[in-house]
Amino acid sequence: MSINPSDLIKDMLAAATGAAKGHAADLRTYLEARAKLIADGIVQLAADRAANLITDDDVRFSLQQIKESEATSLLAIDATLKAAAQDAINAALAIATDALNKAVGFALL
Amino acid sequence: MLKLKFATLFSTALLLAACSAMFVAPYDETTDHLLTDLSVKTETAIAQADAGQLSVTDREKLFDEALGAVRTLKARSSLFQKNEDEVKALSQLEQRYQDLKQHGASPRSSLATGLRATLLDLQQIQIAKKRSSVFSAGLKKTNSSQ
């Protein structure tokens with residue numbers, strides 16, 4: 001049995017895309033949750049300051065903390081993208097392995 | 001001709017066998033559980049602070065325990081290869097707790113947004129690693145059943 005390169009590429013791309021889709025959905029949910037958390041925090045910050053529960057120094061401190069936390073958000077996005085790339089590549093390789101095994105007629109890999 | 005075809009297939013097979021990508025550390029259930037416990041403790045303390053029910057003693061206890069937990073997590077995470085993002089994120093989390101502790105005010109939700117965001121970032125890293133580990137296990141199962 002011979003390998004059809006165009007079919008193999010199509011199947012590998014489909015597998016890679018499918019593998020990355022779950023991570024893309026997770027990333028969207030995470031970014032929405034993070035944006036909501038920050039927005040709620042800012043609303044609470046304004047409310048607490050208006051109610052004199054916190055000082056101007058507290059407000060400056062909180063804003064600085066939010067700003068510094070953005071670095072960690074980049075790390076979370078980076079880890080998610082790496083995991084997505086890993087799964088996509090391994091899914092494509094699994095398709096290639098399967099095609100090779102079929103071509104040789106036994107489970108070589 | 002047949003020999004050449006077989007040699008090509010064999011060398012491709014060797015190449016594929018050696019080419020399994022690994023860009024992130026595997027999912028670690030213990031890290032995930034410790035992080036979830038830390039988030040629950042932190043959110044409970046924030047709720048108490050919002051209600052004006054978190055004493056100075058309880059606040060100090062929260063920060064001491066949280067810093068201990070984060071340092072434990074960081075030590076564990078550093079044992080895994082390809083785990084740099086998580087280790088850096090844990091260093092950031094340690095800094096958030098230290099900053100809040102040094103600021104001296106009660107950790108109300110309005111002051112703890114940066115801390116809560118950092119906890120969320122670390123939870124996303126666990127979700128990504130867990131999805132990837134489940135996916136890899138599925139691929140291995142499919143391959144071994146063929």
Side-chain angles (χ1 to χ4, degrees), chain A residues 19 22-23 26-27 29-30 33-34 37-38 40-49 53-55 57-59 61-91 93-94 96-98 100-101 103-104 107-109, chain B residues 6 9-10 12-14 16-17 19-25 50 52 82-86 88-93 95-96 99-100 103 105-106 108-136 139-140 142-144 146:
Chain A
H23 287 288
D26 288 346
L27 194 58
T29 305
Y30 154 70
R34 200 179 201 284
L37 194 153
I38 302 288
D40 288 348
I42 297 290
V43 169
Q44 193 61 47
L45 196 61
D48 279 4
R49 183 65 194 97
L53 292 167
I54 56 172
T55 64
D57 185 46
D58 290 333
V59 173
F61 167 79
S62 187
L63 288 174
Q64 184 62 29
Q65 290 289 296
I66 293 169
K67 195 176 159 189
E68 286 177 20
S69 79
E70 294 305 326
T72 330
S73 181
L74 280 179
L75 292 169
I77 293 167
D78 187 48
T80 306
L81 293 178
K82 282 177 187 168
Q86 175 181 296
D87 291 353
I89 290 168
N90 287 338
L93 283 174
T97 303
D98 187 39
L100 194 65
N101 282 338
V104 296
L108 181 63
L109 298 172
Chain B
F6 182 77
L9 278 172
F10 190 73
T12 309
L14 283 178
L16 283 173
C19 285
S20 179
M22 190 191 164
F23 303 140
V24 285
D50 281 343
K82 310 277 181 189
N83 214 17
E84 293 83 5
D85 287 329
E86 187 171 290
K88 283 181 193 167
L90 284 166
S91 293
Q92 289 285 321
L93 183 64
Q95 191 62 53
R96 295 284 82 72
D99 288 349
L100 257 178
H103 187 67
S106 193
R108 302 177 61 81
S109 53
S110 56
L111 299 188
T113 305
L115 171 66
R116 296 169 90 189
T118 303
L119 280 166
L120 188 73
D121 299 335
L122 273 152
Q123 282 160 356
Q124 170 57 27
I125 293 176
Q126 305 314 306
I127 287 170
K129 285 163 73 175
K130 187 168 188 177
R131 180 179 285 284
S132 203
S133 288
V134 169
F135 183 79
S136 297
L139 275 183
K140 279 175 192 160
T142 308
N143 286 347
S144 64
Q146 283 172 351

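In what follows, chains are A, B, ... by sequence order, proteins preceding strands, each numbered from 1.
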Region of B/L100 that comes under 4.5 Å of a non-hydrogen atom in chain A
both
What is the distance from atom CG of B/D121 to atom OG of A/S73, rounded to the nearest 0.5 Å?
5.0 Å
Working to the nearest 0.5 angstrom, can you tell me the gap between B/S110 OG and A/D40 CG?
12.0 Å
Can you name the residues that form a side-chain hydrogen bond (donor to acceptor under 3.5 Å, both in side chains) with A/D58, not counting sequence neighbours?
A/T55, B/H103
Are the side chains of B/F23 and A/L81 in contact, using a 4.5 Å heavy-atom criterion?
no
May I ask you to name which of A/D26, A/L53, A/L63, A/I77 has the most heavy-atom pairs under 4.5 Å with chain B?
A/D26
Taking all non-hydrogen atoms of both residues, which atom of A/A79 and which atom of B/V24 are closest, and how far apart?
O-CG1, 3.7 Å
Among B/I127, B/L120, B/L122, B/T118, single out the residue with the greatest number of heavy-atom pairs under 4.5 Å to chain A.
B/L120
Between B/T113 and A/L45, is any pair of side-chain heavy atoms under 4.5 Å apart?
no
Atom group of A/I54 that falls short of 4.5 Å from chain B, counting heavy atoms:
side chain
Ranked by heavy-atom pairs below 4.5 Å to chain A, first place among B/K82, B/E84, B/M22 goes to B/M22
Given side chains that start at C-beta, do those of A/T29 and B/Q124 come closer than 4.5 Å, heavy atoms only?
no
Enter the distance from B/R96:CZ to A/T72:OG1 here, rounded to the nearest 0.5 Å.
6.0 Å
Residue from A/A85, A/G41, A/A88, A/G22 scoring the most non-hydrogen pairs under 4.5 Å with chain B is A/G22
Check whether A/N90 reaches the backbone of B/S20 with its side chain - one donor and one acceptor, N or O, closer than 3.5 Å.
no
Where on B/A89 is there a heavy atom nearer than 4.5 Å to chain A: the side chain, the backbone, both, or neither?
both
Tell me, out of A/L74, A/I66, A/L37, who's got the most heavy-atom pairs with chain B below 4.5 Å.
A/L37
Nearest-0.5 Å distance that lies between atom CG in A/L93 and atom CG in B/L139
9.5 Å
Which region of A/D48, side chain (C-beta onward) or backbone (N, CA, C, O), has a non-hydrogen atom less than 4.5 Å from a non-hydrogen atom of chain B, or is it both or neither?
side chain
Taking side chain as everything from C-beta outward and backbone as N, CA, C, O, which of these in A/D57 sits under 4.5 Å from a heavy atom of chain B? Side chain, backbone, both or neither.
both
Taken to the nearest 0.5 Å, the spacing of A/R34 CZ from B/Q123 CD works out to 11.5 Å
Pair A/Q86, B/S132: side-chain N/O donor-acceptor within cut-off below 3.5 Å
yes
Answer with side chain, backbone, both or neither: which region of A/A33 has an atom nearer than 4.5 Å to a non-hydrogen atom of chain B?
both
Taking side chain as C-beta onward, heavy atoms only, is B/D99 less than 4.5 Å from A/E68?
yes
List the residues meeting side-chain hydrogen bond (donor to acceptor under 3.5 Å, both in side chains) with A/K82, not counting sequence neighbours, and say none if there are none.
A/D78, B/D85
Minimal non-hydrogen separation, A/S69 against B/A117, with atom names
OG-CB, 3.8 Å
At a 4.5 Å cut-off on heavy atoms, which part of A/A84 comes close to chain B: side chain, backbone, both, or neither?
neither
